[in-house]
Amino acid sequence: MELKKAINALKSKGYEVSCFETAEEAKLYIDCKVDGRTVGFGDSVTLGSMKLYDVLSSHNKVIDPIHCVPGMDFWSTAKQCLTTDIFFTSVNALAETGEMVNIDGTGNRVAGSLFGHEKVYFIVGANKVVSTLDDAIWRAQNVAAPRNAARHGFQTPCAIRQDHCYDCKSPDRICCGQMIYYQKMRFIEMEVVLIKETLGF
Ligand code: SF4
């Protein structure tokens, strides 16, 4: 896929865009930019693999549902993430035409990415870049969802078979909603940090 095309499309849609060869370089960049702030995380394998929580926690107040606040459960911790200064998440797919797609089961990740913060960072590995919006929707549903469902140990047909979506009615359904980011939301800063590595699902 053409990262340059995606970068230009994202800029035309109002996003700041930065691009790095490695996750390590991206991590150093983020570590310099975000200092002394409250930071919320959306559930993301990409953020976890970069160990962003550990890096930012040394000089920010970071709230991450994966590292629950002592005495609080996932739901309460995730709720606190909705009103931090800064919010970090990833997406399930990015089209070269500039649209991004996220699926969500509990809603905390999508909700936090839309409103309530000064700035949202989307950290995106090159493996998530596809040609069109249709391809991005397909990837979110048939590639990202099965792998994320399996990561959580959910018993959905996609998690068990790891091939495609079965439009299931499982209580574990991981794609209760699907968000298309057509362009940057109004009255909020948004930056897409692209990394030329395979990160997350
Ligand atoms: S609808 Fe069910 S089978 Fe399809 S991606 Fe979502 S959880 Fe998996």
Side-chain angles (χ1 to χ4, degrees), residues 1 6 9-10 13 23 40-50 52-53 63-68 73-82 87-116 120-183 185 190 192-195 197-201:
M1 295 304 133
L10 286 165
K13 291 170 177 291
F41 277 21
D43 186 18
S44 163
V45 171
T46 297
L47 303 182
S49 68
M50 291 173 69
L52 264 188
Y53 176 87
I63 306 165
D64 179 1
I66 295 174
H67 300 84
C68 283
D73 58 11
F74 173 90
W75 195 89
S76 304
T77 306
K79 194 173 176 185
Q80 284 199 356
C81 294
L82 300 180
F87 189 78
F88 279 91
T89 189
S90 186
V91 292
N92 297 130
L94 161 63
E96 283 178 352
T97 44
E99 298 88 3
M100 301 189 288
V101 176
N102 254 339
I103 55 159
D104 206 338
T106 56
N108 63 297
R109 166 170 150 128
V110 162
S113 70
L114 295 174
F115 185 79
V120 174
Y121 286 90
F122 296 94
I123 316 297
V124 185
N127 53 308
K128 295 181 177 175
V129 181
V130 295
S131 295
T132 67
L133 174 57
D134 281 348
D135 293 336
I137 292 169
W138 187 91
R139 186 187 193 283
Q141 203 72 31
N142 294 283
V143 177
R147 294 185 64 183
N148 269 310
R151 168 173 72 100
H152 286 291
F154 293 160
Q155 294 302 302
T156 60
C158 67
I160 294 165
R161 297 179 188 134
Q162 286 294 303
D163 46 9
H164 58 79
C165 169
Y166 290 82
D167 191 19
C168 73
K169 299 288 184 290
S170 166
D172 283 343
R173 181 167 170 144
I174 200 166
C175 53
C176 300
Q178 186 178 84
M179 173 68 200
I180 299 171
Y181 305 86
Y182 289 108
Q183 64 174 49
M185 304 304 287
M190 291 186 154
V192 180
V193 179
L194 282 168
I195 303 170
E197 287 183 352
T198 295
L199 289 164
F201 306 144

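Counting starts at 1 for both ligands and their atoms, following the listed order.
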Check: When you measure from the side chain of Asp104 to the backbone N and O of Val110, does any donor-acceptor pair fall under 3.5 Å?
Finding: yes
closest protein heavy atom to atom 3 (S) of ligand 1 is Tyr166 N, 3.2 Å
Within the stated cut-off of 2.8 Å, is an N/O/S atom of Cys158 closer than that to atom 2 (Fe) of ligand 1?
no
Among non-hydrogen protein atoms, atom 6 (Fe) of ligand 1 lies closest to Cys175 SG, 2.2 Å
A student checking ligand 1 against Gln141 at a 4.0 Å heavy-atom cut-off should list atoms 5 (S), 6 (Fe)
- Could you tell me whether the side chains of Thr106 and Asn108 share a donor-acceptor contact shorter than 3.5 Å? yes
*For Lys79, does the NZ atom sit with more than 12 other heavy atoms under 6.0 Å from it, leaving out its own atoms?*
no
**Message:** Would you say atom 4 (Fe) of ligand 1 has Cys165 as a near neighbour, meaning an N/O/S atom of that residue under 2.8 Å away?
**Reply:** yes
protein heavy-atom neighbour closest to atom 7 (S) of ligand 1 works out as Ile174 N, 3.5 Å
query: Within a radius of less than 6.0 Å around CZ of Phe115, do more than 12 heavy atoms belonging to other residues, nucleotides or ligands occur?
result: no
Tell me, please, whether Tyr166 has Arg161 positioned over its six-membered ring: NZ or CZ under 6.0 Å from the ring centre and within 45 degrees of its axis? yes
If you scan protein heavy atoms around atom 2 (Fe) of ligand 1, the nearest is Cys168 SG, 2.3 Å
Candidates Ala140, Ala145, Ala149; heavy atom nearest atom 5 (S) of ligand 1 found on Ala145
Quiz prompt | Main-chain N/O of Thr156 paired with Arg173 side-chain donor or acceptor, under 3.5 Å | solution = no
In ligand 1, the atoms that come under 4.0 Å of a heavy atom of Asp167 are 1 (S), 4 (Fe)
- Query: Any donor-acceptor pair under 3.5 Å linking the side chain of Arg109 with the backbone of Asp43?
  - Reply: yes
